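Numbering of ligands and ligand atoms starts at 1, following listing order. Model, not experiment: these values are computed from the prediction.
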Amino acid sequence: MTETRDVMDVDVLFVGGGIASLSGALHLSNRIKEHNHKIEQGQAGKKLDEVTIAVLEKAAFPGSHGISGAVMDPSALKDLVPDFLEKGAPLEGEVKKDSIYFLTKNRKIRLPFGLIPRPFNPLDNHGNYVVSVSRLNEWLAGLVEENGVDIFPGFAGTEVLYDGNKVIGVRTGDKGIDAKGEKKGNFEPGIDLHAKVTVFGEGSRGSLTKTLIKHYNLDAQKNPPAFEVGVKEVWEIPEGRIQPGEVIHTMGYPLKSNTFGGGFIYGMKNNMISLGQLTSLDYEDPFIDPHREFQKLKLHPFVQGLLKDGKLVQYGAKTAPAGGFFSIPKLTFAGGMIIGDAANLFNAQKIKGVHIAMRSGMLAAEAILDCLVRDDFSEARLEQYRTAMRDSKEIGDLFKVRNFHQTMQKGLFKGLIAVSLQVPLGGSIFRSRLESEPDYVHMKKVAELYGTDSPDEAKKGDIKYDGKLTYDKETDVYYSGSTHEEDQPPHLKIKDLDICYNQCAKEFQNPCVRFCPADVYEMERDETTGRLTMKLNFSNCVHCKTCDVKDPYENITWVPPEGGGGPKYTVL
Ligand code: SF4
């Protein structure tokens, strides 16, 4: 039976309540106020009365799914909220000290990036700010609400609504469906939100964005998206070890030279540090476990010394889109736009996306303002956003490092040499565009990589977790605050379990058990029959989307769970 659903009409709908959408909603509401003020002062034109703007957010509260390193380039924030300091932007500290080390198992070697002049130094962070994205998100949400924009936390967009070939909004997820798919006593059907413009700012590997890209073929002639997964903890450490705003990056240990990634340590206020590791998801070895590799980083004497007598405060994980310039899909289509991480707008060489997310939200808002003023929401008008992005400094910067991801796939050492030349050469290394393949195709079969189906246990790299410095996934998930309503259908959709039990078990030994940083996938073998069964601990999920990216058979699809489920980040 077809469900009767409420329909709500708004003018502009932002799907996803992260930095990009909140910046877009804030800028649009500010620009509408400015426009109306000018009309009141006598400028010719139409006043924009009662424009309704809504932001849908799957998290229980704004910011609770917000996570990044993060060091923020403040250029876009200065344009979005010029008095951000007076308005109490939650900045952890301005970067005044910035270093990068190459780690061996027991030693650290300071790399001479400081000798490279600033405009050409890919890792210079002076003048940037260390931020907690969950806090920044929460603060922006406050400004957005003060401007009269409605934010709906606890509501995920689960389906794109079309009229013919035009997007007209999204449907939110039903609430109160049990594990068997039956309605419970508290069942509430999702609502249909209709909008003149729908802006998709769902974040990295957005589930609806994926369907839009396919529907409109927005990735034609593009490189496939590529991702890194960041696994992160915030620690409180004894006073004086690191200043708020101090930035340390590491390369090398514990990752092998054929796996790209690196560590980060950022000083925060109140003796806290943001500590994490990025692992590029184009790795080959099915035994790599990004969470375990991060725990190993903490065993390095340098990091261990920083953390001594400290305590874990919070844990989280998330993918970041690392494919760069050539992986950005077409940003507009009939009825809508894509902004922020959902559009792969991330500078992997500089490890920065916050300012690009903000800028994309703001430029989307500029185009929407023009549509509102002219009462013309045609695709041609929306395309102004695409043109403005193309001409922006942020995209110009991405163009200069357009081959970064592809270059680092050649291994750390070759990659580093090429990358050092990339900025002065305007990004042209070898040739103007290097191709790439999706992350999942890089994974090698166990026998191919190790020469046997049963490699030596020592080669798999497992460690013991002591619960003081190193934590297993289960404990870390506790520190993420992640919870979901248990009696609902799992939001990890496995296309074919036979592939997991037969093909994947034999060829890759079920890498989902290792690449998921939240212990969601467990394979249990019946000792009598020898049969495998998958146990899905979906309530642990921290919504990082690694499984959606890295499964070697593309057998896992992440969809939003019942609204409000997921991590409860406050300082990540
Ligand atoms: Fe990340 Fe997938 Fe694990 Fe959830 S189930 S935490 S999205 S890898």
Using a 4.0 Å cut-off to any heavy atom of Val520, which atoms of ligand 1 qualify?
3 (Fe), 5 (S)
Counting only heavy atoms closer than 4.0 Å, does ligand 1 sit against the backbone of Phe515, its side chain, both, or neither?
neither
Could you walk me through whether Phe404 and Phe260 satisfy the ring pair (Phe, Tyr, Trp, His ring centres under 6.0 Å) test, starting with their C-alpha distance in whole Å, then the side-chain angles of each, then the deciding distance to 0.1 Å, before giving a yes or no?
CA-CA 11 Å; Phe404 173 75; Phe260 180 60; 5.7 Å; yes
Would you tell me whether Asp456 and Tyr450 have side-chain atoms, one donor and one acceptor, within less than 3.5 Å of each other?
no
4.5 Å side-chain heavy-atom contact, Ser327 and Pro321
no
Taking only heavy atoms of Trp558, which atoms of ligand 1 are found under 4.0 Å from at least one of them?
7 (S)
Verdict with reasoning, His249 to Tyr266, per ring pair (Phe, Tyr, Trp, His ring centres under 6.0 Å):
CA-CA 9 Å; His249 288 112; Tyr266 302 151; 5.4 Å; yes
Look at the aromatic rings of Phe538 and His491 and report parallel, tilted or perpendicular, splitting at 30° and 60°.
perpendicular
Identify, by atom number and element, the atoms of ligand 1 in contact range of Ala518, meaning under 4.0 Å from any of its heavy atoms.
6 (S)
Aromatic ring proximity Tyr315/His291, centre distance under 6.0 Å:
yes
Distance to the ring centre below 6.0 angstrom and angle to the axis at most 45 degrees; does that hold for Lys550 and Tyr283?
yes
Aromatic plane relationship, His300 with Tyr253 - under 30° parallel, 30 to 60° tilted, over 60° perpendicular
tilted
Within ligand 1, which atoms have a heavy atom of Cys547 less than 4.0 Å away?
2 (Fe), 5 (S), 7 (S), 8 (S)
Short check: any N/O/S atom of Cys544 below 2.8 Å from atom 1 (Fe) of ligand 1?
yes
Checking a contact table here: which protein heavy atom is nearest atom 3 (Fe) of ligand 1, and how many Å away?
Cys516 SG, 2.3 Å
For Lys545, counting its heavy atoms only, list the atoms of ligand 1 lying under 4.0 Å from any of them.
1 (Fe), 7 (S)
Just heavy atoms, cut-off under 4.0 Å: does Val542 contact ligand 1 by side chain, backbone, both, or neither?
both
Which of the numbered atoms in ligand 1 are below 4.0 angstrom from a heavy atom of Cys541?
4 (Fe), 5 (S), 6 (S), 7 (S)
For ligand 1, is there an atom lying under 4.0 Å from some heavy atom of Tyr521?
yes
